[in-house]
Amino acid sequence: MQLGAGALKLTEAQEPLRSIALLCAHLTAGWALARAIEVLLLNRAAEDVSERIPKIVVGLIYVAMMLIGLATFLWQRGYAFTGIWVSTGVAAGVLGFALQRTLGDLFSGIALGMERPFRLGDWVELKDGTLGQVIDLNWRATRLRGWDNATYIIPNASMAGQAIKNLHDDKHLYAPWYFVKLPAEVEPRFASALLLEAALRCESVLKFPYPVARLADATTIPYSYMVWVHLRNYQTMFRAREELFREIHISLQNAGIETAPEVHELRTRRARITTAEPPSIRLALKSLDLGGLLTEEELDEVVASSRYCHFDSGHRILGEGDASAAFYIIAGGLVEASVTLRSGEHKVTETLGPGDSFGITAMLTEDSSLLEFAAKSDVNLIRTDIECVRTLLSARPELAEHLAQIVKRRLDAAEAVLAASRRNVRRLSLRDIRQRIEGLVSRPGRGGPKRPPL
């Protein structure tokens, strides 16, 4: 510009042109620095929507960098910032009053962008029931996209001034709970076990953390039960909810139980009373894998020496080193097998469910019990006398082989955990366990030693 002014002999215009060129250079440098920061943030976010920076934050970066460039130019020219602020104060006040709502949205958007109570890609629910996925946050409004693909445009001031329920994105666990009403005549333990088994059968429901089924309200009729499950994310809730209620319907139907809505009965007629009880021991055994290996005569013998027993969640059924003269089959609920490490910590080696058994391992090994069995949830167990099992094994070598495989697998898991904690244990082979079974079933009478179960 100075060369052009010199060629035109406009010497008095050289200084203003030089100032304009210097100002443009400072603004351009500020813009280039802001662009570099934007590219760096975009590369860092890549394809992850939740890590993308809202447009309002990007705009603030550009404004801040260019203001820094302008301030640097003014400082080099010898201008005082105090005089500039005073001279522009009145104009800024008038402009702020005129743009009161717009500025409110702007600063609310800045607060939302900096605090980040939600990220791009999160699902949020507002107090008026509006539900949608955050797709943009600019200087004026936040945009949500609902399940019907409609776009909700919410002013930033309104978003910042209300309670927001953040359901997060597809990488965040979602843990809803549902309520089922059942007749008061249904035994609560039996009802909770049915609901838990239904939840465990659902593919969309996570097995860890475990589902929970509890009696939520018994002060009114019908009783209300709560089923609490964990899902991979909020988006899978619809499929998981349908699958859960479908499995609950199948479980209740097979047990002969009807769901109980609010029923109003007239005094002039007798109300139909629903009677539902847990299945008999014989029916429960036949529905389990172990019961399918027994003949009708063997089932009669087992039923004659068996009874139901119930344990609440957290109860220690068999402790490490405890003696037991019973064989347990899980009819409903979950049981955890754990081993005590050298540090005193309990390490879970296996979670047993309906159809699994325990309490016979100590008969099959010479060593003391290594494991402790505790109720992970409320459990229903079938307790069978150990002498009945010993008689059954002596007549059925193939059944003894089946139990030996289970014992071998359980011992290997316990020994692997202990070995990892640098505790020396003796490993038993499958042949050692078979020999132990043969020695036990060949002993006459009931005088066999009773060792603590595993």
Side-chain angles (χ1 to χ4, degrees), residues 38 40-61 105 107-180 196 198-214 216 226-248:
E38 180 186 12
L40 180 62
L41 294 176
L42 289 176
N43 292 337
R44 182 179 178 182
E47 298 298 327
D48 192 349
V49 177
S50 63
E51 295 297 330
R52 294 180 183 174
I53 304 300
K55 291 181 179 179
I56 187 171
V57 177
V58 176
L60 288 175
I61 293 174
D105 290 333
F107 286 104
S108 296
I110 294 173
L112 292 173
M114 300 300 294
E115 184 183 355
R116 304 193 75 178
F118 49 79
R119 298 171 180 266
L120 297 183
D122 285 353
W123 288 84
V124 296
E125 183 177 1
L126 307 183
K127 64 180 181 180
D128 61 353
T130 301
L131 179 65
Q133 186 180 29
V134 181
I135 59 174
D136 187 27
L137 172 61
N138 58 33
W139 64 274
R140 193 189 70 84
T142 302
R143 285 176 167 78
L144 309 179
R145 180 168 296 162
W147 285 108
D148 56 358
N149 210 30
T151 301
Y152 300 96
I153 302 175
I154 314 296
N156 289 332
S158 177
M159 287 289 292
Q162 66 175 306
I164 302 174
K165 182 179 181 180
N166 191 347
L167 303 173
H168 298 284
D169 57 8
D170 56 358
K171 298 178 182 178
H172 194 278
L173 287 182
Y174 184 65
W177 53 85
Y178 305 98
F179 291 92
V180 179
L196 178 60
L200 290 173
R201 289 198 302 269
C202 298
E203 294 181 0
S204 300
V205 173
L206 298 181
K207 304 306 181 289
F208 183 84
Y210 297 108
V212 176
R214 293 291 185 189
M226 181 192 73
V227 183
W228 185 33
V229 297
H230 285 76
L231 311 178
R232 287 188 299 274
N233 50 56
Y234 167 71
Q235 293 93 317
T236 61
M237 181 266 296
F238 299 97
R239 176 181 177 182
R241 181 175 59 187
E242 178 188 4
E243 186 178 1
L244 176 63
F245 281 122
R246 184 173 64 238
E247 294 298 333
I248 290 176

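To the nearest 0.5 Å, atom CZ of residue Arg145 and atom CG of residue Asp136 are 10.0 Å apart.
Without hydrogens or angle criteria, Trp123 side chain to Leu131 main chain gives no donor-acceptor distance under 3.5 Å. Here the side chain of Asp122 pairs no donor or acceptor atom with the backbone of Asn166 at under 3.5 angstrom. Not a single donor-acceptor pair under 3.5 Å links the side chain of Asn233 to the backbone N or O of Lys171. Without hydrogens or angle criteria, Asn156 side chain to Asn138 main chain gives a donor-acceptor distance under 3.5 Å. A distance-only check finds a donor-acceptor pair linking the side chain of Arg201 to the backbone of Glu247 [under 3.5 Å]. A donor-acceptor pair under 3.5 Å is formed between the side chain of Gln133 and the backbone N or O of Gly121.
Summarising the local packing, CZ of Phe179 is surrounded by more than 12 heavy atoms from other residues, nucleotides or ligands at distances under 6.0 Å. Annotation: Arg239, atom CZ; neighbour count of heavy atoms from other residues, nucleotides and ligands within 6.0 Å does not exceed 12. Heavy atoms from other residues, nucleotides or ligands lying under 6.0 Å from NZ of Lys165 number 12 at most. Environment of CH2 in Trp147: crowded, with over 12 heavy atoms of neighbouring residues, nucleotides or ligands closer than 6.0 Å.
Here the closest heavy-atom approach between residue Leu206 and residue Arg232 is recorded as CD2-CG, 3.8 Å. Of all non-hydrogen atoms in Val227 and Ala199, the two that sit nearest each other are CG1-CB, 4.4 Å. When all heavy atoms of Glu243 and Glu203 are compared, the closest pair comes out as OE2-N, 2.6 Å. Across all non-hydrogen atoms, the minimal contact from Leu231 to Ala240 is CD2-CB, 3.5 Å.
Aromatic ring orientation, His172 versus His168: parallel (interplanar angle below 30°, classes split at 30° and 60°).
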